[in-house]
Protein chains: 2
Amino acid sequence: MSPAQLNGSCRLGKEVCIDCKVRFMSICSALEAHELPEFDVLIQRANFAPRAALFAQDQPADAVYNLTEGVVRLYKLLPDGRRQIIGFALPGDFLGLAMAERYGFSADAVDTVSACRLAREEFAHYLDAKPHLLRRLHEYTTHELSLAQDQMVLLGRRNAEEKVATFLVNWRDRWARLTGKAVTVPLPMSRQDIADFLGLTIETVSRTFSRLGKDKTILIVPDGIRVLDPQRMERLAAA
Amino acid sequence: MSPAQLNGSCRLGKEVCIDCKVRFMSICSALEAHELPEFDVLIQRANFAPRAALFAQDQPADAVYNLTEGVVRLYKLLPDGRRQIIGFALPGDFLGLAMAERYGFSADAVDTVSACRLAREEFAHYLDAKPHLLRRLHEYTTHELSLAQDQMVLLGRRNAEEKVATFLVNWRDRWARLTGKAVTVPLPMSRQDIADFLGLTIETVSRTFSRLGKDKTILIVPDGIRVLDPQRMERLAAA
DNA sequence: CGTTGAGTTGACCATCGTCAACAGGAGTGG
DNA sequence: CCACTCCTGTTGACGATGGTCAACTCAACG
């Protein structure tokens, strides 16, 4: 499947806002039941294969997305190719906050992704008519800003072990909010993705995982980890 | 003057929104002329001596601030005392975006600071009645988020020289927007502040300044620098 | 089976942090 | 007016954390 070219069998008639599984985790929770049909006509379902691009940095920002399924990595590139992942988006997350002419970062699917696509202009006009939705969006944005500030502390002032532990704890908690608590934490993204998120190299991430594994702090399983010593893990993350 | 204890001779009658020098650089630019008097009654002028705290992380967030004068450092502390400065605020900047129960970071005056203080609850209610102000605030927040994402790239993926150069270029440009272009860029904050903003130590910042000085890329002057080779500077910052 | 790509591990090294000494200016008090 | 302290910033020597380079394993896939 080619990147950014898709949605075959979707839009099966049943995929309407009122049935949306992530409605109450997304900005759509601000909408009243009677507003859902009118919102429905604004959105378009889009599916993305693993590694497909939702959008790319500096492209004209003609759409925003509400993620309903899968994991998306958001990243910025320096001219020489260095990459910083600024976040991983999960179902319920809103992409394209900037509402600028062009995207400030790139977004692509880590695994199979579904999202509601809204034309930016249309969405902006709809927002003008719905102050309660704008208010919800603003709350969401300030929350994102707060997470970004936490990430600055992590990138600027924590060592490799603290970075990895913090990442794993945060990811486990986000995952638990979606699917409930589980012993095994899936890690759909690659080691390279984790490294680029934490400001490390792939080797350092790998070594730190191994060390935490030898510690019996975590157990490394295919495509994920199991937290064996949550106490020690949280202590490392809090430090 | 003791921290967080102040405003003596302020509120001289003339200090009303309509005369505000930074009105068009702040979120107040969203207000119509006829709304200024009603906004005026919500605000309270506050002055802060150098090093005084505007507010501290985890304190109840009972006020937000609109900066009118001076420089404020915003920072987070780790339990063991490591500090990450998440930004420097200048006149026109809005502090307390989170609108949460408690402040997510600390803010204190770098030099002499003046600000408009608004009770958070009152401001929230006023926002409910003024969608255009909310909209402006949302634009401001997304801009801050975008800056935070740039800072993540800087912290995660740039070396010391690039960090320092990027900081100086950005600071020069922000300063120029306030006071017009000038050969000398004042640096009211300490080396320690710069280090904690860039995820470096004070020694590395000092050495990098010295090296850029020996290069003739910059000239180090008391409480500031002069950019001698803007081209080279921008090249380092863009890298 | 051979190839490919992700992940792991080891050896070595560079950048930046740590520790320490020192310089210079501001403020204080004899 | 000078001696003294204090504080910030600079510089040097050394070391540790994490990066670089390379070899290797293993699973997936044709």
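First the proteins, then the strands, lettered A, B, ... as listed; each starts at 1.
One atom, CD of A:Glu203, and another, P of D:dT25, lie 18 Å apart when rounded to the nearest Å. Per the geometry, CD1 belonging to B:Ile202 stands 13 Å off P belonging to D:dT11, to the nearest Å. Counting to the nearest Å, the C1' atom of D:dT11 and the CZ atom of B:Arg211 are 12 Å from each other. Counting to the nearest Å, the P atom of D:dG18 and the CZ atom of A:Arg207 are 11 Å from each other. To the nearest angstrom, P of C:dC13 lies 21 Å from CG of B:Asn159. Taking atom CG on B:Leu212 and atom P on D:dT10, their separation rounds to 12 Å, with Å as the unit.
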Show every donor-acceptor pair shorter than 3.5 Å between a side-chain atom in residues 210-225 of chain B and any protein atom, with sequence neighbours excluded, or say none if there are none.
| unit_1 | atom_1 | unit_2 | atom_2 | d |
| --- | --- | --- | --- | --- |
| B:Ser210 | OG | B:Ser206 | O | 3.0 |
| B:Asp215 | OD2 | B:Arg232 | NH2 | 3.0 |
| B:Thr217 | OG1 | B:Arg232 | NE | 3.0 |

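Considering only side-chain atoms of B:Ala160, the nucleotide from C:dG10, D:dG18, C:dC16 that sits closest is C:dC16.
A salt bridge between B:Asp108 and B:Arg51 is absent, with no side-chain N of the basic residue lying under 4.0 Å from a carboxylate O of the acidic one.
Within the 4.0 angstrom heavy-atom criterion, base atoms lie near B:Ser206.
The stretch residues 184-200 of chain A touches DNA chain D through A:Gly199, A:Leu200, each having a heavy atom within less than 4.0 Å of the strand.
The aromatic rings of B:Phe88 and B:Phe167 sit tilted, their planes meeting at an angle between 30° and 60°.
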